[in-house]
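Side-chain atoms are counted along with the backbone in the values below, which use heavy atoms only and exclude waters and symmetry mates. First the proteins, then the strands, lettered A, B, ... as listed; each starts at 1.
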Amino acid sequence: MSRRIAVIDFETNGASPGRDCRATEIGVALLEDGRIVGRYQSLINAGVWIPPMIERLTGISNVMLRDAPPPAVAMAEAARFVGDTPLAAHNASFDRKFWDYELAQLGLARKQDFACTLLLSRRVLPQAPDHKLGTLARWLSLPDTGRAHRALADAEMAAQLLCHLQGELSRRYGARLADHSQLCGMQKVSAAKISQYLQAQAG
DNA sequence: TGCCAGGCCCTCTTTAGGGCCTT
């Protein structure tokens, strides 16, 4: 069983990957036994235009990307850095489609599943004010990771959140930290059935 | 022609619609 999880975050110039919508930055935080043991970050110049709204949100400008490495370099490095480590992200359906799209441009395909801290936090922390990554980080007093909406800062924040969720699950349901496959399983069952699911896994 | 995300979740649901969340 792998105890390591690669928590990733993309900054992009839009919501859905395609010819005019690409990743503009990737951040990866490698999580192991509740600690971040490795980091990767790179801006990505895919030759796309960043609209002003996205520039204000992320702080990543068209000028900043001018000298950034192309996707073929940055994504190949990121894919090597992650290897076959299981993946996680906040609202993983978003990052998964960009990860898959950018890898496909290199002729590569994802082999591992994504755990999702958004789906897990909705189940484990239903009492949170909302389930935005920034809100959860403030509400849980997670350690500051830097400027929000930059890829590595958000990847580290999601990694801290995942640690918190694993700790909460351990506290509630047993001493053993939930591994990646259990996290993926839990995000598919209702909150009421998490205990039942974990008991079945243990059995 | 005109428009343009999409997966997940909840409920006033399931022959659907709207909100959340990511950039």
Rounding to a whole Å, what distance do you find between [X]:[atom1] and [N]:[atom2]?
X: A/R96; N: B/dC21; atom1: CZ; atom2: P; value: 18 Å
X: A/N91; N: B/dC21; atom1: CG; atom2: P; value: 9 Å
X: A/R122; N: B/dG7; atom1: CZ; atom2: P; value: 14 Å
X: A/Y101; N: B/dA5; atom1: OH; atom2: C1'; value: 14 Å
X: A/E102; N: B/dT23; atom1: CD; atom2: C1'; value: 13 Å

So what does [X] hit on the nucleic acid, given a heavy-atom distance under 4.0 Å: a base, only sugar-phosphate, or nothing?
X: A/I54; result: base
X: A/F10; result: sugar-phosphate
X: A/D154; result: sugar-phosphate

Considering only nitrogen or oxygen atoms on both sides, find all protein atoms under 3.5 Å from nucleotides 10-13 of chain B and state each distance.
none

Legend entry - Those residues of residues 127-152 of chain A lying under 4.0 Å from DNA chain B by at least one heavy atom: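 Heavy-atom cutoff 4.0 Å gives A/D130, A/H131, A/K132, A/L133, A/H149.
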
Legend entry - Shared hydrophobic cluster for A/L133 and A/V124 (ILVMFWY, side-chain gaps under 4.5 Å):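 Looking at the clustering, A/V124 is in the same group as A/L133.
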
Inset, instruction - Please collect all ring pair (Phe, Tyr, Trp, His ring centres under 6.0 Å) contacts where either partner lies in residues 122-141 of chain A, sequence neighbours excluded, each pair once. - result: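 Those involving residues 122-141 of chain A do not exist here.
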
Inset, instruction - Determine: side-chain N/O of A/R123 to OP1/OP2 of B/dC9, distance under 4.0 Å, yes or no. - result: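 Yes, A/R123 has a side-chain N/O under 4.0 Å of OP1/OP2 on B/dC9.
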
